[in-house]
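First comes the structure, then the notes that go with it.
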Amino acid sequence: MVNRKDPIEAQTKGVIESLANCAIEARAPRRISNFKSQISNLKFEIVPLCLCLSAAIFLSACGYHVGGTASLMPPGLKVIAVPALKNDTPRYRIEQGMTEAVVHEFIARSKYRIVSSEDSADAVLHGEITSFEAIPVVFDTTRTTTPNATTVPALNTTTARATTMLVSVHMKVSLEDRETKKVLYKNDSYLFREPYEISTDPSKFFDEQGPALERMSRDFAARLVSDVLENF
């Protein structure tokens, strides 16, 4: 007796296998598409990284560096002598405040030992204050009334009293190796200016020139130490 179910089962099995193969073939392009998308995203992530690395290599090759992070001083230099600056101006003791500011700035910002004697130093910092001037830049032009004891009417006058002064100081500095006399740093054109006000009330008068010179000394010291350490 012939079993009629066998052909039907065979046909059914064949249809199922065909459908399964179609499903696999349908999923395959999606996997390939997802894989291509991942590769594309990876390329977009790699390109900026490569650009950053290339820029860093290019800048380092050109000699650029972040200011204040690299020192071009000789590697064997450990002790710097900072004697008192030479004062060629009539301003009394101006060199003392500037010398103290330079010493303080070197101690605060560098690893070098700072001394005043040249005998025990590896390098010597020479400084000279070449000019000093204080000139008025703002005047009081307020009109005032002057009373008169006679019958003549009171007089109106305009004062020309200075209310703001400007201090200007020129300096030149050099740092040289004590043994070889090689100049490690030199600048002959330092110029610093600092304004200060003058009180128009005699009872409240206070000489503001001293504090102005202190501010200038700190600015000069900060600029000088930065220039020496970075050797611009």
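- In this structure, R178 contributes its side chain and E118 its backbone to a donor-acceptor pair below 3.5 Å.
- A 6.0 Å sphere centred on NE2 of H126 holds more than 12 heavy atoms belonging to other residues, nucleotides or ligands.
- Both V228 and I107 sit in one connected hydrophobic cluster of ILVMFWY residues. Membership requires side-chain heavy atoms under 4.5 Å apart, directly or through other members.
- The shortest non-hydrogen separation linking S117 to A81 is O-CB, 3.5 Å.
- Using modelled atom types and a 3.5 Å distance limit, the side chains of D219 and S217 yield no donor-acceptor pair.
- With rounding to the nearest 0.5 Å, the separation of CG in D88 from CD in E95 is 10.0 Å.
- Side-chain N or O atoms of N187 include none that pairs as donor or acceptor with a backbone N or O of V173 at under 3.5 Å.
- Of all non-hydrogen atoms in P83 and V124, the two that sit nearest each other are CD-CG1, 4.1 Å.
- The CG atom of L77 lies 9.0 Å from the NZ atom of K111; values are rounded to the nearest 0.5 Å.
- Relative ring orientation between F220 and Y190 is described as perpendicular, the plane-to-plane angle rising above 60° on a 0-90° scale split at 30° and 60°.
- Residues R91 and I129 have side chains not in contact (no heavy-atom distance under 4.5 Å, counting atoms from C-beta outward).
- Under the 4.5 Å side-chain heavy-atom criterion for Ile, Leu, Val, Met, Phe, Trp and Tyr, L213 and F192 are members of the same hydrophobic cluster.
- I80 and V183 fall into different hydrophobic clusters, where Ile, Leu, Val, Met, Phe, Trp and Tyr are joined by side-chain heavy atoms under 4.5 Å apart, directly or via other members.
- Nearest heavy-atom pair, P136 versus M165, reported as atom, atom and distance to 0.1 Å: CA-SD, 3.5 Å.
- For the atom pair CD1 (I94) and CE (M216), the distance works out to 7.0 Å, reported to the nearest 0.5 Å.
- For F132, there are no ring-ring contact (aromatic ring centres under 6.0 Å, His included) partners two or more places apart in sequence or in a different chain.
- One distance of note links CD of Q209 with CD of E194; it measures 11.5 Å at 0.5 Å rounding.
- The distance from the CG atom of L229 to the CD atom of E105 is 9.0 Å, given to the nearest 0.5 Å.
- A side-chain donor-acceptor contact under 3.5 Å links T99 to the backbone of L85.
- At least one side-chain heavy atom of L224 sits under 4.5 Å from a side-chain heavy atom of Y185.
- Smallest separation of non-hydrogen atoms from A212 and P195: CB-O, 4.4 Å.
- Closest heavy-atom contact between R109 and A222: NH1-O, 3.3 Å.
- Considering only residues two or more places apart in sequence or on other chains, D177 meets the side chain to side chain donor-acceptor pair (under 3.5 Å) condition with T180.
- In plain terms, the two heavy atoms of A121 and V115 that are nearest each other are CB-CG2, 4.2 Å.
- Separating the CZ atom in R113 from the CG atom in D122 is a distance of 8.5 Å, to the nearest 0.5 Å.
- Considering only heavy atoms from C-beta on, M98 comes within 4.5 Å of V169 through its side chain.
- If you chain together hydrophobic residues whose side chains sit under 4.5 Å apart, V79 and V82 never meet in one group.
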